[in-house]
Amino acid sequence: MNVLVVGNGGREHALAWKLAQSPRADRVFVAPGNAGTAADAENVPLPVGEPDKLVHFARQNRVQLTVIGPEAPLAAGMVDRFVEAGLRVFGPSKAAAELEGSKVFCKKMLRQADVPTADGRIFDNPDDALAYLNDREDVPVVVKADGLAAGKGVIVCAHRAQAVAAVERIAVEREFGAAGDRLIIEERLDGQEASVLALTDGQTIVPLPPAQDHKPAYDGDTGPNTGGMGAYCPTPLVDDAMLHWIEEHVLVPTVHAMKRARRPFRGVLYAGLMMTRQGPKVLEYNVRFGDPECQPLLMRLKTDLLDLLEAVATGTLHEVGPLQWDPRPAVCVVMASEGYPGDYTKGPPIRGLEEAARLPDVKVFHAGTALDAQGRVVTAGGRVLDVTALGDSIALAKRNAYEGVKCIRWDGAWCRKDIADKALG
Ligand code: AMP
Ligand code: GLY
């Protein structure tokens, strides 16, 4: 059958690469894709923000499953459009995607479902928020814009003055536009973060092995926040007993609460967790695969991804047997453009991709790349490549991933040197 993946990052490259390995896959399209998906699948020059054109394409090309990668089209209701057109699609409805699209909705849902999360207050105007900050003790807090803000709407504050400035940025200066119509001020939690993703068709829940992201730009978790500079899977931070606890106390009550709220959740539910001394607490939900967490996860997956995502889309996940995983861990190192996560340069040609492709147990997923007029692979984004490797241990997977990194060069390329070190310490 024909499959369409919507998106153009490393997550979508990994999805397309894995879907193309299915014996049931005929053509795998990626819209709009990047230079990597052009090699492992077929690119379709349609932007993510054009649901009508994507539905039309899917019909014309007998696409039997569409997989939507990023949150923006999910929050905008792309799944509903495909469903209305009678097309099979993997991802949550617009109503269910609010779990990521609105932090206020998410917080209310977490409370309703009695899922552990940071204590917080919701505000719909800056005055009340500022009065609240001034009335209470000066403790570390986190200020969050309600809506989608490309990961930038969360401001972690050590002192009241920072929190006041954060409220002003979000709700007065409106740095994130309508995303700042409402905001949350919540307690700052301490601990290590883990990403627990689960597939669900709204009835059956299948947790995936836990992963860990590296959000700060520089080594030692310093510098500004990014979309993620690397990830590994599984993480020893969440052992089997803990994963079971998270399933029972976080995933199951959330999926049930969404069903009760008549917003049944179908797709991949991604819990961003802080492992605190009082146990795991939910920092946020995402309604899609994590990027870059998806890359090491799929590198390890042995079960046919097409069967799996189709079962989610058709509500038959209970018929799928236990998932098969490569027992070896996987580590993904993100190579970025000079300047990222601020303004960055685009366009330098990338060298050494063929050399990296020859390394065993290494796969270079493309994120921000494009083909130039001469057919050369050039950089076209902040996060450019996701060099992902398997190894017999996390240390060996890390070594293999950095062997891949060493092959690749372009002007201004950089990466964190300490991906997965938290698992080794
Ligand atoms: P979020 O988008 O809500 O996951 O927030 C992005 C990042 O902000 C998280 O990955 C955490 O590093 C941090 N963060 C969010 N909420 C809190 C919290 N309550 N306490 C400490 N850090 C937080
Ligand atoms: N890696 C974090 C995210 O996908 O949101």
Side-chain angles (χ1 to χ4, degrees), residues 1-97 100-101 148 199 201 266-268 286-289 291 294-295 298 304-316 365-373 375 377-378 380-381:
M1 67 193 237
N2 295 344
V3 186
L4 169 64
V5 176
V6 175
N8 64 352
R11 165 183 49 212
E12 288 77 25
H13 186 188
L15 286 165
W17 168 79
K18 196 76 207 174
L19 286 165
Q21 290 171 15
S22 168
R24 293 174 56 225
D26 294 318
R27 299 175 76 178
V28 177
F29 302 106
V30 186
N34 56 39
T37 60
D40 287 327
E42 295 177 54
N43 283 358
V44 179
L46 291 175
V48 170
E50 295 275 7
D52 290 336
K53 289 184 181 161
L54 290 164
V55 164
H56 182 75
F57 176 86
R59 277 223 182 98
Q60 293 287 306
N61 293 276
R62 293 183 297 105
V63 168
Q64 283 167 285
L65 181 69
T66 298
V67 179
I68 298 170
E71 62 275 18
L74 294 168
M78 190 177 285
V79 164
D80 310 59
R81 302 292 288 275
F82 273 76
V83 169
E84 280 159 24
L87 294 166
R88 201 169 274 174
V89 58
F90 174 87
S93 66
K94 179 176 181 166
E100 176 167 0
L148 291 180
L199 292 169
D201 59 4
R266 267 189 187 174
V268 59
N286 294 318
V287 300
R288 49 172 175 83
F289 283 102
D291 190 346
C294 182
Q295 288 80 312
L298 293 187
D304 187 319
L305 183 66
L306 181 48
D307 290 346
L308 204 52
L309 300 188
E310 190 183 39
V312 171
T314 55
T316 55
F365 295 111
H366 290 220
T369 69
L371 293 169
D372 72 2
V377 178
V378 298

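Note that this is a predicted model, so its numbers are computed, not measured. All heavy atoms count here, side chains included; hydrogens, waters and symmetry mates do not. Along the sequence shown, residues carry numbers from 1.
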If we ignore hydrogens and angles and just use 3.5 Å, is the side chain of [X] paired with the main-chain N or O of [Y] as donor and acceptor?
X: Thr369; Y: Val377; result: no
X: Asp26; Y: Met1; result: yes
X: Glu310; Y: Asp307; result: no
X: Asp304; Y: Leu306; result: yes
X: Arg288; Y: Gly69; result: no
X: Arg11; Y: Phe289; result: yes
X: Asn8; Y: Pro32; result: no
X: Ser22; Y: Leu19; result: no
X: Asn2; Y: Asn61; result: yes

Which distance, rounded to the nearest 0.5 Å, do you find between the [atom1] of [X] and the [atom2] of [Y]?
X: Arg266; Y: Thr314; atom1: CZ; atom2: OG1; value: 7.5 Å
X: Leu46; Y: Leu4; atom1: CG; atom2: CG; value: 8.5 Å
X: Gln295; Y: Lys18; atom1: CD; atom2: NZ; value: 13.0 Å
X: Arg62; Y: Arg27; atom1: CZ; atom2: CZ; value: 9.0 Å
X: Phe82; Y: Leu65; atom1: CZ; atom2: CG; value: 10.0 Å

**OP:** Check the pair Thr66 / Val6 against side-chain contact (heavy atoms from CB on, under 4.5 Å), numbers first and verdict last.
**Re:** CA-CA 7 Å; Thr66 298; Val6 175; 3.9 Å; yes
Over all atoms of both residues, closest heavy-atom pair of [X] and [Y]:
X: Pro51; Y: Arg81; value: CG-NH1, 3.8 Å
X: Cys294; Y: Ala14; value: SG-CB, 4.5 Å
X: Val55; Y: Ala85; value: CG1-CB, 3.7 Å
X: Pro73; Y: Ile68; value: CG-CG2, 3.8 Å
X: Ala41; Y: Ala16; value: CB-CB, 4.2 Å
X: Gly7; Y: Glu12; value: CA-CG, 3.5 Å

Subject >> Phe90 and Val268, any side-chain heavy atoms less than 4.5 Å apart >> reply: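 Of all side-chain heavy-atom pairs linking Phe90 with Val268, at least one is under 4.5 Å.
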Original post:
So do the side chains of His366 and Thr37 get within less than 4.5 Å of each other, counting heavy atoms only?
Top reply: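 No, too far: nothing below the 4.5 Å cut-off.
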**OP:** Go through the side-chain N and O atoms of His13 and Asp40 and say whether any donor and acceptor fall under 3.5 Å apart.
**Re:** yes
**OP:** For the residue pair Ser93 and Asp80, confirm or rule out a side-chain donor-acceptor distance under 3.5 Å.
**Re:**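 Side-chain D/A pair, Ser93 to Asp80: absent.
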Original post:
For Arg59, does the CZ atom sit with more than 12 other heavy atoms under 6.0 Å from it, leaving out its own atoms?
Top reply: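 It does not: Arg59 CZ has 12 such atoms or fewer within range.
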**OP:** Take Asp201 and Thr316 through the test side-chain contact (heavy atoms from CB on, under 4.5 Å) and record every step on the way to the result.
**Re:** CA-CA 7 Å; Asp201 59 4; Thr316 55; 5.6 Å; no
